[in-house]
There are 2 protein chains.
Amino acid sequence: MADGPTINTIAARAGVSIASVSRVLNGLPTRQETVRKVMAAADELGYVRNAVARSLKSRRTHQVAFAMADVGNPAYLAMLREIQPVLKAAGYRLVLHSTDAVAADEIDVLRSLGERYVDGLIMSPLRVTDAHLETLAAARAPVVIIGQVPEGTPVDNVRADSRTGVRLAIDHLHALGRRRVAMVNGPLDTVPGAARGAGYREALEAVGLPYDEDLVQIADFYRPEGRRAVAELLARRPDVDALMCANDLIALGALDVLRDAGRRVPEDVAVAGMDDTDLAAASWPSLTSVSLGSAERGRVAAELLLERLNGGEREPRRVTVPPRLVVRASTAGEGHCGEGHGTGHGTEGHGTEGHGTEGHGTEGHGTEGSGA
Amino acid sequence: MADGPTINTIAARAGVSIASVSRVLNGLPTRQETVRKVMAAADELGYVRNAVARSLKSRRTHQVAFAMADVGNPAYLAMLREIQPVLKAAGYRLVLHSTDAVAADEIDVLRSLGERYVDGLIMSPLRVTDAHLETLAAARAPVVIIGQVPEGTPVDNVRADSRTGVRLAIDHLHALGRRRVAMVNGPLDTVPGAARGAGYREALEAVGLPYDEDLVQIADFYRPEGRRAVAELLARRPDVDALMCANDLIALGALDVLRDAGRRVPEDVAVAGMDDTDLAAASWPSLTSVSLGSAERGRVAAELLLERLNGGEREPRRVTVPPRLVVRASTAGEGHCGEGHGTGHGTEGHGTEGHGTEGHGTEGHGTEGSGA
DNA sequence: TTGTATGCGTTATCAG
DNA sequence: CTGATAACGCATACAA
C-alpha cells in the first residue's frame with residue numbers, strides 16, 4: 001500500500017546523493033563503498049525502477065504495439081505467437097490492439113503513436129485505404145505493415161503470396177491425377193479472393209487444364225457458406241474430382257457436404273484448404289492445406305521493427321513470405337481407415353499439435369458462490 | 001521525424017502560458033478567446049498528448065497487463081478475447097505477457113508491477129506456489145488471479161469448476177442410457193486431473209453406477225496420448241459404451257482410435273470432451289464438450305479489476321464460473337449421416353463459429369523477393 | 001568519485 | 001481568468 005521507494009528514498013537511507021544512486025543502479029563507475037551502501041538500501045526497501053519516469057527521460061518505452069482485427073482469427077494468432085517471444089527477447093513489452101476490422105480504429109492506433117506510449121507498431125490492417133497511407137506518412141514512430149500496401153509506399157512491409165499458394169495446391173492435385181479441379185473461392189472483391197482466383201487460373205494454365213467457369217463457386221469465408229456453395233457446385237457438376245477451397249473453414253464445409261452425399265474423401269473427391277489452421281489437423285479426414293506463413297510473417301515483422309528501433313534509418317524493406325503446402329489425408333489418403341493420423345507439419349518448428357493443452361489448473365471444488 | 005510538439009510549442013505559438021494550454025486541453029474553465037487560440041495552435045501543429053509524461057504526473061498509465069502461459073492455448077485465448085474489449089471500453093490498453101508456463105517468469109511479472117508501467121494485472125498461473133503468494137502479497141498494484149488460490153488468500157479470484165463439469169457430462173451420458181462410462185483423465189498430480197477424477201467418482205455415485213478402476217485410464221492432455229490411452233482402455237474393456245475425456249484433444253484421439261477400430265460414434269460408444277474448444281465443432285462427428293467458461297472467467301476478471309481500479313479498497317472477492325455442457329453429435333447423434341452440422345453453441349453470445357475467418361488482405365503478386 | 005542542478009512533458013497550486 | 005512555478009522519478013552535464 002505504502003508508496004514505493006524512489007531514488008530519493010534510497011539516497012536518504014544510504015546517505016548519498018540521488019546521482020550516486022542512479023549511477024550505481026545503472027552500473028556506472030562508482031566507489032565500492034558507495035555501491036555497497038546503495039545496493040543495501042535498495043534491497044532493504046525493495047526498490048524497483050519506475051518505468052514511466054525512465055521512459056520520460058530516455059524517450060524510450062520499451063513497448064511495441066501489435067494491432068490486428070481480431071485475436072480470435074487463427075492467422076493473427078499465429079503472428080502474435082511469433083511476435084511475442086521475439087519482442088520479449090529484445091526487452092520489449094507487447095501492447096495488443098484489437099481493431100475489430102474497423103478502419104477508423106486502425107487509423108486511431110496510428111495516430112495514437114503520437115502519445116509516445118510505444119516505440120513502434122506492427123499492424124496488419126484489413127485493407128489499406130488512402131486515409132491509412134496519409135496517417136502512416138505522419139506516424140510518429142516506426143511502423144511495420146503486415147499485408148498489402150501500394151507499390152512504393154515508404155514503409156516496412158511483410159506480405160503473403162496466396163496466389164502462388166493456390167498454385168502449389170493445384171499442382172499437387174494435378175500430380176495426383178485429378179483433372180476436374182473446382183475452386184470454392186471467397187468473394188472476389190476482397191483482396192484475398194481476387195488473388196486466389198488469379199492463382200487458380202494461372203495454375204490451371206500451368207498444368208494444362210482448361211479454365212471452366214462452371215467449376216468456380218463463390219462463398220464467404222465461413223463453414224456454413226462453404227456447405228452451401230459446395231452443395232450447389234456438386235449439383236451442377238457431379239463429376240468434379242477435386243476441390244480447392246479458399247480457406248480451411250470453407251473446406252470443412254465441403255467435407256460436411258461430401259460426407260452427406262456419400263462421396264469418399266479423397267478417393268472420390270480430394271479437398272484442399274488454405275491457412276493451415278489448427279482445424280485442418282483436427283478434422284476428419286485431416287485436411288491438406290496451404291500455409292500462408294502467418295507465423296513467419298509475424299516473426300519477420302518483429303525482426304524488421306527491432307532492426308529499425310535499434311539501427312535507425314534505412315531504406316524501407318519489403319519481404320514476401322512464401323507459402324507452403326501441408327499435405328494431409330484429404331488429398332493423400334492411404335485408404336479411408338489409414339493410420340496417417342499424426343500427419344505432420346513439415347518443418348516449421350513448433351507445430352500446432354503442441355499447444356492445444358488443457359484448462360490449466362483452474363478449478364473450484366463446489367459452490368463457493370459468486371456474490372459479495 | 002521532427003520531434004513532436006509539446007505544450008511549450010503550443011504556448012509559444014498561441015502566445016499564452018503552458019498553464020493555459022493545459023487548462024484548455026483538459027477542458028477547464030477558460031476564456032473563449034484563449035481557448036480558440038490554443039486549439040488553433042494545437043491543430044496546426046498536430047499536437048498529441050504525451051502519455052508518458054501524463055502518467056508520470058497522474059500516476060496512472062491506463063494500461064493493464066494480462067499474463068498467462070501461452071496465447072496459443074484456446075482457454076487463454078478465450079479469456080483474452082473477452083478481457084480485451086472490456087478493458088478497451090474502459091479506456092485501458094492491454095499489455096500481454098506470455099510466461100511459457102515458467103513459474104519464475106510469472107513471479108517476475110508480479111515483481112515488475114513495481115515498475116508502474118501498468119495500473120493492474122490479470123494473471124492465470126499454471127499453479128500457484130508459495131513464492132507466488134509471497135510476491136502477490138507484496139504486489140504494488142491490484143491483481144486478479146484466474147485460477148485456484150488457497151482458501152483465504154487476500155486476492156480477487158475467478159475460478160472454474162471442472163468437477164461439476166464432469167458431472168454434467170456423466171449425467172448426460174447416463175441419461176442417454178450408457179452404463180459403462182469410462183474416464184480418460186489427465187495426470188492425477190495436476191490440479192485439473194485431480195478435480196476431474198473426483199468429479200467422475202462423485203458423478204457415478206450420484207447416478208448410481210459403480211466405480212470401476214478398470215474404466216479409468218490416464219493420458220497427458222494431448223491427442224496422441226489420447227489415442228494411446230484409449231487403445232489400451234479398449235483392449236482391456238471392449239464393452240465400454242461411453243468415454244468421458246478430460247479435454248478435447250484427448251477426445252479427438254479417442255475418435256481416431258474408435259474410427260480405426262470400426263466402432264461407431266455415438267451409436268456404439270459416446271464420447272465427450274472438455275474445454276469446448278474450436279476443435280470440438282470442427283471434428284467429425286462434432287464433439288460434445290463441457291465448457292469451463294474461459295470466456296466468462298476472462299470477462300469477470302476484467303470487471304473485477306476495473307472495479308478495483310476505479311473503486312479503490314474493498315474485500316477481496318471470489319467468483320466461481322459454472323460449467324456448461326455443449327451437446328453435439330458425438331453423444332447425441334441422430335444417425336451417422338444426420339445434418340446436425342451446425343450444432344450450436346448454446347447461449348454464449350459470440351460463438352466460436354464466427355471468428356475463424358480468413359487470411360485477410362495479405363497478398364503478394366509474385367516474387368518481389370526478400371532482399372534489401 | 002560525488003553532489004548540484006536541470007530537463008523530460010504534464011498537471012496542479014498559488015499568486016496576481 | 002491567467003501566468004509563474006513546483007512537483008512526478010529519473011538521468012546526466014557540469015562543478016567540486
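Keep in mind that the numbers below use all heavy atoms, side chains included, and drop hydrogens, waters and symmetry copies.
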| field | Parallel, tilted or perpendicular: ring planes of A:Y92 versus A:H62, cut at 30 and 60 degrees | value | tilted
| Does B:L45 offer a backbone N or O that forms a donor-acceptor pair with the side chain of B:R13 under 3.5 Å? | no
| Just wondering, are more than 12 heavy atoms of other shown residues or ligands nearer than 6.0 Å to CD in B:E315? | no
| request: Give a yes or no answer on whether the side chain of B:N157 reaches the backbone of B:V319 with a donor-acceptor pair at less than 3.5 Å. | output: no
| task | Pull out every residue in residues 29-44 of chain B that has a heavy atom closer than 4.0 Å to any atom of DNA chain C, ordered by number, or say none. | result | none
| Between atom CD1 of A:I146 and atom CD1 of A:I83, what is the distance when rounded to the nearest 0.5 Å? | 4.5 Å
| Once each nucleotide of nucleotides 6-16 of chain C is scored for protein heavy atoms under 4.0 Å, what B/S/- sequence comes out, 5' to 3'? | -BBBBBB----
| query | Would you say A:S20 reaches C:dG3's phosphate, i.e. side-chain N/O to OP1/OP2 under 4.0 Å? | reply | yes
| field | Touch class at under 4.0 angstrom, heavy-atom based, for A:V21 against every strand present | value | nothing
| request: Would you classify A:V52 as touching base, sugar-phosphate or nothing, given that sugar-phosphate means primed atoms plus P, OP1 and OP2, and contacts are heavy atoms under 4.0 Å? | output: nothing
| field | Pairing of B:E106 and B:R127 as salt bridge, 4.0 angstrom limit | value | no
| message | How many whole angstroms separate atom CD of B:E115 from atom P of D:dC10? | response | 11 Å
| Any donor-acceptor pair under 3.5 Å from A:R59 side chain to A:R116 backbone | no
| request: Give a yes or no answer on whether the side chain of B:N73 reaches the backbone of B:A75 with a donor-acceptor pair at less than 3.5 Å. | output: yes
